[in-house]
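One structure below.
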Amino acid sequence: MTTTPPDVIRCAYAELIVSDLKTSREFYVDILGLVVTYEDDEAVYLRAFEEYLHHSLIIRKGAEPALSVLAYRVRGEAELDVAEAYYRELGVEVRRVPAGTTRGIGEAVRVVDPLGFPIEFFYEAEHVERFTQRYDVHGPGALARLDHFNVNTPDVPAARKYYEGLGFRVSEDIVDDEGTVYAAWMFRKPTVHDVALTGGAGPRLHHIAFATHERHQILHICDHLGAVRKSDQIERGPGRHGVSNAFYLYVRDPDGHRIEIYTHDYYTGDPDNPVISWDVHDNQRRDWWGNPVVPSWYTEASRVLDLDGKLQPVEERTETKEMDVTIGADGFSYTRAAGAEQGFKLGEQV
Ligand SMILES: O=S(=O)(O)c1ccc(O)c(O)c1
Ligand SMILES: [Ca+2]
Ligand SMILES: [Fe+2]
């Protein structure tokens, strides 16, 4: 690559296609508590309480539940030309779209990146009221901001190289002693990640994560789901991650799109931030204590669309799959080699 990459600030918004706008609105607004910036019959534009850009999530009615865009904010309008040149040199599909193509967003560059994802780079966006201290409208489960995207891609080292080319740095990864890389967390904003690369068939969206400030807000969302008899929408957690140290919860929306609610990761902004590398057989890597990683978390993810709204084909992962080497160890086994002969707490799981 001769051209410089666009100066990405952070992950900024996503658009999910949902099959029933009303049902999805109930999930994202009534249960998760996101703020509606604008809505019409086609789409609902949502933001979290600390956000002052028009939206960080759009849910749009459509026949095929899928991801239609992952958007990164760049540091200024001038970065759009840089993005256009960078991706043209990469030889992928590049489009320049005028301001207002997406409500609330200025001129943007849209690409299908080398991993097959629909990605948008923008700077200009409409400012709306920032609800940081509007405690009169915060619910007990108030979400503060969008935190990261997690994507399934078959070749994690190749994906890591692509994102390093964009100036992202690795904070943590999961590897084995043969050198297989199962996952990597990468950042531009000084937290653990803006994007996580999870080895698996892809391009698929594994999840979108929002951050809260307090663990009790995550616990409230669990209690709320129980109260509306939708506790089965909780897929994994609540718990404490090993990687990232975040307290977390994964919920599935009415179409199965996975949303993580996440708090308490750590600052990564110094140039010498130490990379943490986990062994795939360390069963505290994904859960620092307690919960096993359920199989659906390893296998299920959302399809993604190309720039014309057509489903992108999915390529299978050829390297070892994490679920094949660890599912029994995920919270079911004993961490000390000496305990290994006891096998798994709950026996063989799958
Ligand atoms: O399950 S992991 O501890 O590896 C993990 C860490 C951070 C995340 O955002 C995540 O989705 C998953
Ligand atoms: Ca706290
Ligand atoms: Fe996550």
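Everything numeric here is computed off the predicted structure, so don't read it as measured data. As the structure lists them, so they are numbered: ligands from 1, and atoms in each ligand from 1.
No more than 12 heavy-atom neighbours from other residues, nucleotides or ligands sit within 6.0 angstrom of CD on E315. Atom CG of D136 is surrounded by more than 12 heavy atoms from other residues, nucleotides or ligands within 6.0 Å.
Between D41 and L21, the closest heavy-atom pair is O-CD2, 3.4 Å. A pairwise comparison of heavy atoms in H241 and S244 identifies CB-OG, 3.7 Å as the closest pair.
Between H207 and ligand 1 there is a heavy-atom distance shorter than 4.0 Å.
Taking a cut-off of under 4.0 Å to the non-hydrogen atoms of E260, the atoms of ligand 1 that pass are 8 (C), 9 (O), 10 (C), 11 (O). Heavy-atom proximity to Y262, at under 4.0 Å, picks out these atoms of ligand 1: 9 (O). Interface of H148 with ligand 1, defined as ligand atoms under 4.0 Å from a residue heavy atom, comprises 9 (O). Residue-ligand proximity, S244 to ligand 1, at heavy-atom distances under 4.0 Å covers atoms 6 (C), 7 (C).
Among all non-hydrogen protein atoms, the one lying nearest atom 12 (C) of ligand 1 is Y250 OH, 3.1 Å. Nearest protein heavy-atom contact of atom 4 (O) of ligand 1 is R286 NH1, 2.8 Å. Residue, atom and distance of the protein heavy atom nearest to atom 6 (C) of ligand 1 are V243 O, 3.2 Å.
The cationic group of R73 lies under 6.0 Å from the six-membered ring centre of Y123 and within 45° of the ring axis, placing it in a cation-pi geometry.
Below 3.5 Å of separation, one finds an N or O of R285 facing an N or O of ligand 1. On a distance-only criterion, W297 and ligand 1 share no N/O pair closer than 3.5 Å. At least one N/O-N/O distance between R236 and ligand 1 falls below 3.5 Å.
Side-chain atoms of Y38 and R47 include no donor-acceptor pair closer than 3.5 Å.
Taking the charged nitrogens against the carboxylate oxygens, R103 and E42 have no contact shorter than 4.0 Å, which rules out a salt bridge. Under the 4.0 Å criterion applied to side-chain N and carboxylate O atoms, D40 and K61 are not assigned as salt-bridge partners.
Within the protein, the N, O or S atoms sitting under 2.8 Å from the Fe ion (ligand 3) are H148 NE2, H207 NE2, E260 OE1.
Of the candidates H241, E172, H193, R240, it is H193 that places a heavy atom closest to atom 9 (O) of ligand 1. In the candidate list W288, Y182, F149, W185, W185 is nearest to atom 7 (C) of ligand 1, counting heavy atoms.
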Acceptor/donor pairs from residues 26-33 side chains to any protein atom, 3.5 angstrom cut, sequence neighbours excluded:
| from | atom 1 | to | atom 2 | distance (Å) |
| --- | --- | --- | --- | --- |
| E26 | OE2 | K22 | NZ | 3.0 |
| Y28 | OH | D253 | OD2 | 2.7 |

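Under a 4.5 Å side-chain heavy-atom cut-off, the cluster of Ile, Leu, Val, Met, Phe, Trp and Tyr residues that includes I9 has no other member.
Under the side chain to side chain contact (heavy atoms under 4.5 Å, CB included) criterion, L311 pairs with E64, A66, R303, L305, sequence neighbours left out.
Under the 4.5 Å side-chain contact rule for hydrophobic residues, V69 and L57 do not share a cluster.
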